[in-house]
Amino acid sequence: QLLEQQKHERDKVLREQLECSRASFHREREELVQKGICIEKDLQEKLNVLRRTFDDDRRDMERRFQEEFVRLGEQHSSEKEGLRTALLEKHQIQLQEERCEREIGRA
């Protein structure tokens with residue numbers, strides 16, 4: 001009977017230890033779940049910041065590209081007009097020289 005009582009006591013202690021272990025496991029599991037939720041939320045916020053930064057940078061680059069494109073277009077037009085003016089002046093000088101040569105030839 002003493003052995004039976006000792007076995008019963010030992011089983012009771014083991015059951016209590018098992019219950020404590022289960023409770024501890026469930027607490028730790030819940031803590032991990034909560035930490036996982038916090039980490040996921042934090043990562044999502046960081047991802048949103050990165051997306052906004054990327055979008056802002058992309059818009060800024062597009063704006064600068066467009067400004068540079070317009071500037072180069074204006075520069076090209078200005079240079080083209082300058083060349084056209086210079087060519088026209090050269091042509092007028094050539095015509096004037098030809099007129100002078102014809103007048104000299106007549107005289």
Side-chain angles (χ1 to χ4, degrees):
Q1 188 177 11
L2 183 60
L3 281 172
E4 186 75 25
Q5 190 178 2
Q6 286 175 343
K7 183 180 176 200
H8 180 68
E9 277 298 314
R10 192 179 68 223
D11 287 349
K12 182 181 174 187
V13 169
L14 288 174
R15 279 193 296 274
E16 288 173 356
Q17 287 176 343
L18 180 61
E19 275 306 308
C20 286
S21 294
R22 283 181 181 161
S24 176
F25 170 79
H26 288 296
R27 277 193 309 275
E28 289 179 20
R29 182 174 172 250
E30 185 59 32
E31 287 175 13
L32 289 173
V33 167
Q34 291 302 320
K35 286 179 183 179
I37 291 170
C38 289
I39 289 170
E40 186 175 340
K41 183 180 176 184
D42 185 51
L43 288 175
Q44 189 62 43
E45 288 173 6
K46 288 177 180 177
L47 182 60
N48 289 338
V49 168
L50 286 173
R51 281 186 185 133
R52 283 192 301 271
T53 302
F54 175 78
D55 288 343
D56 291 346
D57 289 348
R58 182 183 46 81
R59 280 190 294 273
D60 186 51
M61 286 176 59
E62 287 173 350
R63 179 189 53 77
R64 285 186 286 147
F65 173 80
Q66 187 64 30
E67 289 171 355
E68 183 69 9
F69 183 76
V70 168
R71 186 189 69 76
L72 289 173
E74 290 170 351
Q75 180 182 352
H76 174 72
S77 293
S78 176
E79 289 173 359
K80 184 178 171 183
E81 184 60 30
L83 290 172
R84 191 170 95 55
T85 301
L87 187 60
L88 183 60
E89 288 173 1
K90 182 179 177 183
H91 184 65
Q92 288 173 344
I93 290 171
Q94 286 174 342
L95 287 175
Q96 185 69 26
E97 288 173 351
E98 288 174 8
R99 281 188 206 131
C100 287
E101 287 175 6
R102 274 187 266 151
E103 287 179 12
I104 292 173
R106 284 187 210 161

Handout entry: R51 side chain reached by N48 side chain, heavy atoms, under 4.5 Å
Key =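 Answer yes - side chains close enough.
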Problem - Flag side-chain contact, heavy atom, 4.5 Å: E31 against Q34 - result: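 Heavy-atom side-chain distance check fails, nothing below 4.5 Å.
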Exercise for the section: Flag yes if more than 12 heavy atoms outside E40 fall under 6.0 Å of its CD atom; otherwise flag no. Expected result: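 It does not: E40 CD has 12 such atoms or fewer within range.
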Exercise for the section: Determine whether more than 12 heavy atoms belonging to other residues, nucleotides or ligands lie under 6.0 Å from atom CZ of R58. Expected result: yes
Rounded at 0.5 Å granularity, tell me how far [atom1] in [X] sits from [atom2] in [Y].
X   : Y    : atom1 : atom2 : answer
T53 : K46  : OG1   : NZ    : 13.0 Å
E28 : E30  : CD    : CD    : 12.0 Å
S78 : L83  : OG    : CG    : 9.5 Å
L95 : C100 : CG    : SG    : 11.0 Å
I39 : L32  : CD1   : CG    : 9.0 Å

[X]/[Y] ion pair, N-O < 4.0 Å:
X   : Y   : answer
E67 : R71 : no
E81 : R84 : yes
D56 : R52 : no

Practice task
Please identify each residue that fulfils side-chain hydrogen bond (donor to acceptor under 3.5 Å, both in side chains) with D55, with sequence neighbours left out.
Solution key: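 Listed in chain order: nothing, the list is empty.
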Practice task
Run through H26, R27, R22 and flag the one making a side-chain contact (heavy atoms from CB on, under 4.5 Å) with S24.
Solution key: R27
Only pairs under 3.5 Å count here: list side-chain donor-acceptor contacts from residues 7-17, not counting sequence neighbours, and write none if there are none.
none

Exercise for the section: Would you kindly say whether E79 and Q75 are connected by a side-chain donor-acceptor distance under 3.5 Å? Expected result: yes
